[in-house]
A.B. asks: 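Let me begin by handing over the structure; questions about it come next.
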Amino acid sequence: MKLSNNDNKQYKHLTLDNGLRVLLVNDPSSEKSASSLAINIGHFDDPIDRQGMAHFIEHMLFLGTEQYPNRGEFSQIVSQFGGNSNAWTGTEHTCYFFDVRSEKFSNVLPRFADFFIAPLFEESALNDERNAIDSEFNLKVKDDNRRIIQVHKETVNPAHPFTKFSVGNHDTLGDKQGHIRKEVVDFFTAHYQAQWMTLVLAGPQSLEELSALAHNHFSSIAGSGIEKPPICKPMYRQEDLGLLLHIQPRKHLQKLIVSFAMPDIKDLYRYKSLSFLAHLLGYEGDGSLYSILKKNGWINALSAGGGVNGSNFKDFNISFALTDAGIEFYEDIVEMLFEYISLIKDKKTSLPALYLDKKRLLELAFDNQEVNKLIDWVSNVSVNMHHYDDDNVLYGDYCMAGFNEVLHEQLLEYLSPHNMRLVMIHPSATHETETINKIAQWYNTPYQVEQISTEWLHALANIRSPLPEMLLPNVNPYLAHDNELFEIESTAQTPTQLKDKPGFEFWFKQDATFRVTKGHFYLELDSEISIADNKAMALTRLFADLFMDSVAEQFYSAELAGLSYHLTSHQGGLTLHTAGLSSCQLKLATQLVEALQKQPISATRFAEYKKQLIRHWKNHNKNKPVSELFSILGAKLMPWNPTPEALAKALKNVCFNEFNAFRSAFFSSIHAKAFLHGNWQLKHAKAIQQQLLCNFATSEILEDLKKPLNTIETPECEIFWKENSEHAFIHYIQAPTKNVEDKIKIMAFNQLVSQHYFEQLRTQKQLGYLVGAGYAPFNTRAGIAFYIQSPKFTSAELVEHHHQFMQEFVTHIDELEQTQWSDMKSGLKSQIAEKDKNLRLRSQRFWVAIGNDDHAFSMQEQLLESLNALTFEQLKQFIIDVTAPDFPNLTLQMN
């Protein structure tokens with residue numbers, strides 16, 4: 001099995017007698033164990049008269065089995081043992097996964113295995129969960145992605161399973177003749193076969209112990225040995241190609257998608273020929289299609305290679321985010337795309353060198369990959385086992401065996417106008433023409449379908465030469481440097497502050513733990529000008545967007561070379577973050593800091609991005625109500641965090657001259673904090689520190705800006721009204737003080753209550769699909785938020801259910817001391833004490849500590865100390881106090 005250089009885990013493949021393929025993973029460094037089971041069953045397998053069945057069964061497996069009949073108990077126990085669980089249903093695969101503290105793994109695994117052996121499918125649970133499925137459908141009925149995909153489904157071969165309705169609802173899953181349970185059982189029996197499953201068991205347990213767990217608990221899954229029948233019907237017939245679809249979104253989207261139909265490309269993973277083609281078309285440097293179209297003022301973004309895919313089809317999409325002008329010139333954009341494709345055909349001798357560039361980058365990425373959360377990792381690997389052979393389960397995503405000219409030529413043949421569909425998405429898409437307007441089923445999407453003229457298709461097919469200014473990428477200059485792993489100079493456990501002038505903090509730590517040739521650089525710039533009023537806060541966000549746009553072409557090669565950079569706005573200013581390979585990252589960071597003050601920004605791009613940002617903030621109104629209420633909550637608690645509506649209003653009348661004046665004023669007076677962490681030595685840190693001091697030498701130095709927070713003093717309630725909205729509420733309890741003791745009590749309260757809240761109000765009472773309780777700190781002050789969104793119950797009714805739940809919870813809280821307190825405390829302890837899995841997470845933790853002035857980097861230790869000292873009686877009294885009607889809290893409702 002091909003392993004990364006820094007992978008210290010042990011692996012073993014085995015196949016059980018029933019045909020279940022298993023990967024065992026011994027990870028001695030993990031405090032948790034995790035399991036994931038992926039099955040080659042998805043909504044493509046739904047009976048035509050029971051669409052949504054695969055999704056329905058995914059929900060039902062969590063609601064009781066023969067050995068463990070209590071509904072919702074699995075999720076409760078996983079949470080109690082410091083873990084998480086979830087599942088998803090896709091087109092052709094469904095995946096289930098969970099993690100827990102490693103010592104509890106053998107307790108939970110039999111429950112998980114029983115999902116696939118003997119689920120109960122209890123009648124009352126079937127009825128309740130059908131409501132949940134219907135709520136989920138109603139929640140997403142306004143989601144533009146789903147609305148657009150439904151149009152796609154209605155304009156391909158109706159005999160292909162892609163056309164099926166994946167989610168299900170009351171109509172498709174209704175109990176028509178009282179046979180729904182039998183149909184569910186029959187589907188499960190026919191499809192949940194061991195030979196179509198893959199299982200991953202991972203944790204600190206030995207391979208022998210994991211093997212025993214696999215054999216003992218999963219051997220009883222039924223397996224017939226029958227192979228999965230292939231999909232025989234093509235996705236597209238000839239009449240489904242050569243179409244132009246006009247789709248009207250709910251939000252203000254402007255997009256052109258040029259889509260080429262291909263067969264399944266799964267077996268091509270060894271060469272990544274299609275990914276390489278996408279890399280060439282998606283190039284953003286000088287002479288690229290992106291660069292030329294952007295200079296014409298027609299697009300804001302371009303991406304290549306996306307699109308739906310399955311076991312007998314692949315859409316190869318090139319997507320353009322259009323400006324208003326770009327909508328008018330969409331035919332010219334398509335023509336220029338084919339001119340760029342002709343460049344790729346003409347310059348085939350340049351391609352092997354560019355392929356080697358990409359191959360080298362993937363090899364570097366594979367050998368320097370960072371450890372993810374075990375639960376996420378096992379779920380990805382269990383799905384990869386369906387796509388890659390055993391030796392390449394971990395390497396398949398990175399494998400580039402060599403430039404395959406024959407394969408490359410075959411794929412280019414598919415990029416033909418006669419194999420193309422065009423999709424235009426914009427608010428006035430369904431204009432009046434001779435074509436009949438249509439409304440897509442389920443999601444009510446307005447759309448039109450028209451044939452692309454044969455004459456134009458022939459003209460596109462005759463394009464043989466590129467425009468003179470069109471260029472392929474060069475060999476990447478950022479990959480010319482050797483990625484050296486530097487010797488360790490210091491064993492300091494926490495960052496050190498280098499001596500600085502006042503108002504400029506610089507922190508450094510060489511990584512001595514993960515030993516990858518990577519690093520992270522953070523620079524926070526606070527400026528009083530950025531918080532003067534809502535207009536200044538809006539301008540700060542606009543500046544971040546315009547800066548990223550202005551440097552995109554210049555630094556695209558750096559992104560291709562495994563470096564990333566982001567300028568984002570925060571309360572009080574801007575944060576620059578670079579990450580990736582360490583060899584030339586500091587060069588990139590230095591260039592970016594210089595560009596912050598000097599990079600030209602054009603009036604045209606200012607006007608475009610101002611318009612786009614205002615639209616983005618106004619689109620927020622079309623978000624789900626719970627999201628909108630959380631925005632209002634954040635604005636109420638944090639004065640430097642206005643609502644999207646307030647920002648849009650403030651930005652509306654700003655002119656380019658005003659923006660330039662704001663940009664100059666921003667840098668005239670700043671407070672700076674910087675942090676360098678990774679594969680560097682002290683000399684590197686001192687060099688960039690000196691460079692930064694030079695960059696901001698003319699800036700006046702400010703005191704550190706402390707982010708303000710509004711304190712909730714009394715019980716408050718606000719009600720908002722919105723047309724065509726679901727009902728929702730948020731109930732927010734702010735910690736009484738900022739101290740660590742209150743922080744840990746809020747965290748423990750959340751750990752104790754959240755699963756009960758979900759189980760009773762979502763699973764049992766079926767109040768809505770979005771139901772939850774979560775730890776919600778604002779500006780370091782802890783808090784807990786309870787929320788529900790419902791299509792059926794008014795916000796007042798939801799609040800009443802919430803209060804009723806809290807009263808019953810407090811009344812019966814003593815029962816939890818015996819049944820859950822000890823495990824809950826251990827679970828929370830393991831979450832807080834969890835070691836940083838990778839360099840990225842450690843860098844984030846150090847950077848948050850620096851931002852919070854925790855210069856001892858001791859918050860983790862303080863929380864653990866406070867948790868160890870916390871008794872059940874103290875937590876009980878705290879919960880009684882903060883849930884009392886007269887305790888300061890904030891309730892936001894929407895109808």
Side-chain angles (χ1 to χ4, degrees), residues 72 76 79-80 82 633 637 709-718 729-762 764-765 767 771-778 780-788 795-829 831-832 862-893:
Q76 180 68 54
S79 175
Q80 210 172 304
L633 176 65
L637 295 176
L709 181 76
N710 292 330
T711 306
I712 303 170
E713 304 289 354
T714 59
E716 299 175 40
C717 180
E718 284 195 48
F729 89 97
I730 291 175
H731 179 77
Y732 186 74
I733 300 169
Q734 192 177 56
T737 70
K738 284 189 174 183
N739 67 37
V740 174
E741 289 74 20
D742 278 345
K743 192 182 290 256
I744 204 69
K745 285 173 185 171
I746 287 280
M747 293 170 86
F749 178 21
N750 176 60
Q751 187 84 353
L752 202 60
V753 76
S754 57
Q755 197 58 45
H756 289 285
Y757 196 79
F758 180 86
E759 175 60 27
Q760 286 193 34
L761 301 184
R762 154 72 165 75
Q764 292 184 21
K765 291 197 173 181
L767 297 183
V771 177
Y775 179 65
F778 287 96
T780 75
R781 182 77 160 258
I784 184 170
F786 298 88
Y787 59 90
I788 306 176
S795 65
E797 289 170 322
L798 296 176
V799 169
E800 184 58 37
H801 280 290
H802 165 77
H803 287 314
Q804 189 180 340
F805 168 88
M806 292 312 306
Q807 286 168 7
E808 290 175 7
F809 183 79
V810 169
T811 301
H812 299 287
I813 195 167
D814 285 327
E815 297 168 17
L816 301 178
E817 181 173 14
Q818 301 301 319
T819 57
Q820 293 179 33
W821 167 238
S822 175
D823 282 325
M824 186 285 297
K825 194 172 181 180
S826 298
L828 183 55
K829 185 177 179 180
Q831 283 179 28
I832 295 168
Q862 291 179 55
L863 288 169
L864 288 171
E865 190 178 317
S866 184
L867 179 59
N868 286 332
L870 182 65
T871 65
F872 184 78
E873 279 303 314
Q874 289 170 330
L875 178 60
K876 172 186 164 183
Q877 190 55 53
F878 177 82
I879 292 171
I880 291 170
D881 291 344
V882 300
T883 57
D886 59 348
F887 187 84
N889 64 73
L890 182 55
T891 303
L892 303 174
Q893 298 174 221

A.B. asks: Under a 3.5 Å distance rule, please check whether Asp742 uses its side chain to pair with a backbone N or O of Thr737 as donor and acceptor.
C.D. replies: yes
A.B. asks: Mind checking side-chain hydrogen bond (donor to acceptor under 3.5 Å, both in side chains) for Asn750 and listing every partner two or more places apart, or none if nothing turns up?
C.D. replies: none
A.B. asks: Looking only at non-hydrogen atoms, find the nearest pair between Phe805 and Val753 and report the distance.
C.D. replies: CE2-CG2, 3.7 Å
A.B. asks: Got a sec: does the NZ of Lys829 have more than 12 other heavy atoms crowding it under 6.0 Å?
C.D. replies: no
A.B. asks: Examine distances only and state if a side-chain atom of Ser826 and a backbone atom of Ser822 form a donor-acceptor pair shorter than 3.5 Å.
C.D. replies: yes
A.B. asks: Could you check whether any side-chain N or O of Arg781 sits under 3.5 Å from a backbone N or O of Asn739, counting only pairs where one atom can act as donor and the other as acceptor?
C.D. replies: no
A.B. asks: Are any of the side-chain heavy atoms of His756 and Gln820 separated by less than 4.5 Å?
C.D. replies: yes
A.B. asks: Between atom OG of Ser79 and atom CE of Met824, what is the distance when rounded to the nearest 0.5 Å?
C.D. replies: 9.5 Å
A.B. asks: Do other residues, nucleotides or ligands put more than 12 heavy atoms under 6.0 Å from Glu865 CD?
C.D. replies: no
A.B. asks: Check for a donor-acceptor pair, side chain of Gln80 on one end and backbone N or O of Thr819 on the other, with a separation under 3.5 Å.
C.D. replies: yes
A.B. asks: Evaluate the side-chain proximity of Phe729 to Glu797: yes if any heavy-atom separation is below 4.5 Å, no if none is.
C.D. replies: no
A.B. asks: Once the angle between the rings of His731 and His802 is folded into 0 to 90°, is it parallel (under 30°), tilted (30 to 60°) or perpendicular (over 60°)?
C.D. replies: tilted
A.B. asks: Before you tell me yes or no, could you show the steps for Leu709 and Gln734 under side-chain contact (heavy atoms from CB on, under 4.5 Å), namely the whole-Å CA-CA distance, both residues' side-chain angles and the distance that decides it to 0.1 Å?
C.D. replies: CA-CA 11 Å; Leu709 181 76; Gln734 192 177 56; 3.9 Å; yes
A.B. asks: Give the minimum heavy-atom separation between Pro715 and Pro885, together with the two atoms involved.
C.D. replies: CG-O, 3.4 Å
A.B. asks: Has the side chain of Lys825 got a donor or acceptor atom that lies under 3.5 Å from a matching backbone atom of Leu870?
C.D. replies: yes
A.B. asks: What distance do Trp821 atom CH2 and Glu873 atom CD have between them, rounded to the nearest 0.5 Å?
C.D. replies: 10.5 Å
A.B. asks: Measure the NZ-OG1 distance between Lys738 and Thr780 for me, rounded to the nearest 0.5 Å.
C.D. replies: 4.5 Å
A.B. asks: Would you say Lys765 and Gln760 make side-chain contact, with heavy atoms under 4.5 Å?
C.D. replies: no
A.B. asks: Considering residues at least two apart in sequence or located in another chain, which fulfil the side-chain hydrogen bond (donor to acceptor under 3.5 Å, both in side chains) criterion with Gln804?
C.D. replies: none
A.B. asks: Would you name the heavy atoms of Val810 and Thr883 that are closest together and state the gap between them?
C.D. replies: CG2-OG1, 3.6 Å
A.B. asks: Please report the shortest heavy-atom distance between Ala773 and Tyr757, naming the atom on each side.
C.D. replies: N-CD2, 4.2 Å
A.B. asks: For a quick test of reading the model, state the closest non-hydrogen atom pair linking Ile730 to Ala785 and the distance between them.
C.D. replies: CG2-CB, 4.4 Å
A.B. asks: Is there a side-chain contact between Gln877 and Ile880 (heavy atoms, below 4.5 Å)?
C.D. replies: yes
A.B. asks: To the closest 0.5 Å, what do you measure between CD1 (Ile712) and CG (Leu890)?
C.D. replies: 5.0 Å
A.B. asks: Aromatic contact between Phe749 and Phe878, with the criterion being ring centroids under 6.0 Å apart: yes or no?
C.D. replies: no
A.B. asks: As an exercise, state the distance from NE2 of His803 to CD of Glu808, rounded to the nearest 0.5 Å.
C.D. replies: 13.5 Å
A.B. asks: When rounded to the nearest 0.5 angstrom, what is the spacing between CD in Gln831 and CE in Met747?
C.D. replies: 7.5 Å
A.B. asks: Give me the atom names and distance for the closest heavy-atom approach of Ser866 to Ile744.
C.D. replies: OG-CG2, 3.1 Å
A.B. asks: Which of these, Phe778, Phe786, Phe887, Tyr787, sits in a ring pair (Phe, Tyr, Trp, His ring centres under 6.0 Å) with Tyr732?
C.D. replies: Phe778
